[in-house]
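Written below as C-alpha cells is the structure these notes are about.
Every chain is numbered from 1 and lettered A, B, ... according to where its sequence line falls, protein lines coming before strand lines.
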Protein chains: 2
Amino acid sequence: MAQLSDSIEQFIKELMSDDAHIELRRNELAQHFGCAPSQINYVLATRFSVDHGYIIESRRGGGGYVRIVRMQNRGEKNFLETLLERVGTSIDEDTANAIISNLYERKMVTRNEALLLKAGVARNALALPVSAKDVLRAAVFRNMLIQVFRNIEEGKRDDV
Amino acid sequence: MAQLSDSIEQFIKELMSDDAHIELRRNELAQHFGCAPSQINYVLATRFSVDHGYIIESRRGGGGYVRIVRMQNRGEKNFLETLLERVGTSIDEDTANAIISNLYERKMVTRNEALLLKAGVARNALALPVSAKDVLRAAVFRNMLIQVFRNIEEGKRDDV
DNA sequence: TCTTTTGACCTTCTTTGACTATTATAGCAC
DNA sequence: GTGCTATAATAGTCAAAGAAGGTCAAAAGA
C-alpha cells in the first residue's frame, strides 16, 4: 500500500504546484486523510524539512495555520543545509561570527543584519556556564539562520 | 481565517492613518463587526499595548469613548534606555514581539531585521524551562536592541 | 530494525458572556 | 435654580469555552 505519509506528501506538493508557499489547516488535512493530526507533523518533519528545501511556519489558536515555504534556489537550499550542519547543537562565538561574516561577504545579509546576528550570538548575551552557552548559542543561531534564508526566499508579506 | 481580531486591528489602523490619535465607541465597533464588545478590549490589549507604542484612554457612561493614542517618538537615546529598562532581566516572547513590531512601525528596523529579531527571541530557539527562557531571552534581546540603535546611530562603515 | 501511525496530553490564541464600574442626564423635591 | 436620585448608556474585567497547532512515546507495520 502506498504509505499514508507518501500520499500526504504528494498531496501537499500538488497543492503547492508552482507556488513558493502554501498555507493549510492541519486538522482539515488530517481529516481529509482520516488520520491523526500529528501525522501531518510527521510528514512535515520527514519530507518538508530544511534539508528537503522547505521552511515551516505555523500559528496556533483560532485561525491557526501551517505555512510551507519552498526554497526556490537550489544553491541556497544546500548552503543553508551546510550551515545548519556546521552549527550543529553547539558552536562557539568565533565560529558563529565567521559564518556571519561569510553571509555578509556573499551579500546574503546587509551589514546591519550581520551586526544584529552577531549581537544575538555574542558571549555576553548568554549569561551561563561556558558549555551551556555554546549549546544555547547554537539554538538561537539556527533560528536566526533559517530566518535569514526565509527573508531571502519569501516575497514581501507585510505581517511582522 | 481572516481572524476577527486581525480585521479589527487593521480597521483601527486604517482609521488612524496618519493621525496621532482617534476616538471610537466600543459598542459601535463591536456591532460593526458583530462581536462581543469585550472583543474590542482583547484587540486593544494584544495589539495596541504600550509595548506596541500606543496608549489607551477611555471613559464610561453616556458619551463614553475609547481613545487610542500613538506614542510620540522620543529621542532615540532616551528610547533605547526606556526599552532596556522594559526588558529588564526577564521578558516573555509576546512582549518582546510587541516591542519589535513597534520598532518596525517606527521604521527603526527593516522588515527583515524585525523578523531576524523575532527569530532570535523565539520560544523554540530556547530549549529550556519557561522561566529560564525568559531570562535568557532578555539577555539576547538586550544585546540585539543595543545593536539596532548602534546601527541607526553609526554612519555606514563597511567593516563587519 | 527502522519507519509510520496513533493517541494522550500540552500550549497558544481567540471569542463570548456574565458581572462590575463609571458617567451623563432627566426628573424631582426644595 | 440647586441638589439629589434613579436610570440609561457606556466601558472594563475575568474566567470559561472554543479553536487551532505541537510534542512525545508507545503501538503497529514494513
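Looking at heavy-atom distances under 4.0 Å, B:Asp94 makes contact with sugar-phosphate atoms alone, never a base.
Residue pairs that meet the salt bridge (charged side-chain N to carboxylate O under 4.0 Å, His left out) test with at least one member in residues 51-67 of chain B, sequence neighbours left out, are B:Glu23-B:Arg67, B:Asp51-B:Arg86, B:Glu57-B:Arg67.
C:dT12 atom C1' lies 17 Å from atom CD of A:Glu57, rounded to whole Å. Atom OH of B:Tyr65 is separated from atom C1' of C:dA24 by 13 Å (rounded to the nearest Å). One interatomic measurement links the two molecules: CD of B:Gln31 to C1' of D:dA9, which rounds to 13 Å at whole-angstrom precision. Regarding B:Arg60, its CZ atom lies at a distance of 6 Å from the P atom of C:dT22, rounded to whole Å. In this structure, B:Arg26 atom CZ and C:dG17 atom P are separated by 13 Å, rounded to whole Å. In this structure, the CG atom of B:Leu4 is 15 Å from the C1' atom of D:dA20, given to the nearest Å. In this structure, the CZ atom of A:Arg67 is 15 Å from the C1' atom of D:dA20, given to the nearest Å. Between A:Phe33 atom CZ and C:dT6 atom P the separation is 12 Å, expressed in whole Å.
Residues that satisfy the side-chain hydrogen bond (donor to acceptor under 3.5 Å, both in side chains) test with B:Thr95, not counting sequence neighbours, are B:Asp92. Judged as a side-chain contact (heavy atoms from CB on, under 4.5 Å), and not counting sequence neighbours, the contacts of A:Ala119 are B:Asn143, B:Met144, B:Gln147. A search for side-chain hydrogen bond (donor to acceptor under 3.5 Å, both in side chains) contacts involving A:Asn102 returns A:Arg106, not counting sequence neighbours. Residues passing the side-chain hydrogen bond (donor to acceptor under 3.5 Å, both in side chains) test with A:Glu81, sequence neighbours excluded: none. Remark: A:Thr110 pairs with A:Asn112, A:Glu113, B:Glu113 by the side-chain contact (heavy atoms from CB on, under 4.5 Å) rule, at least two apart or across chains.
Using a 4.0 Å cut-off between charged nitrogen and carboxylate oxygen, A:Arg47 and A:Asp6 count as a salt-bridge pair.
Near DNA chain C, defined here as any heavy-atom distance below 4.0 Å, there are no residues from residues 8-15 of chain A. Scanning residues 37-50 of chain B for heavy-atom distances under 4.0 Å to DNA chain D yields B:Ser38, B:Asn41.
Toward the 5′ end of DNA chain C lies the nearest nucleotide of A:Ala36, the other residue of the pair B:Gly62 and A:Ala36 mapping further downstream.
Taking 3.5 Å as the limit, the base of D:dG21 and the side chain of A:Arg25 contain no donor-acceptor pair of atoms between them.
Phosphate contact (OP1/OP2 of D:dG29, side-chain N/O of A:Gln3, threshold under 4.0 Å): absent. Neither OP1 nor OP2 of C:dT12 sits under 4.0 Å from any side-chain N or O of A:Arg59. The shortest distance between the side-chain N/O atoms of A:Asn27 and the OP1/OP2 oxygens of D:dG21 is below 4.0 Å.
Closest approach to the A:Ser58 side chain among C:dT6, D:dG22, C:dT14 is made by D:dG22 (side chain taken as heavy atoms from C-beta onward).
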Tell me which donor-acceptor pairs under 3.5 Å the side chains of residues 27-44 of chain B have, and how far apart each pair is, sequence neighbours excluded?
{"from": "B:Gln39", "atom 1": "NE2", "to": "B:Ser5", "atom 2": "OG", "distance (Å)": "2.9"}
{"from": "B:Asn41", "atom 1": "OD1", "to": "B:Arg26", "atom 2": "NH1", "distance (Å)": "2.7"}

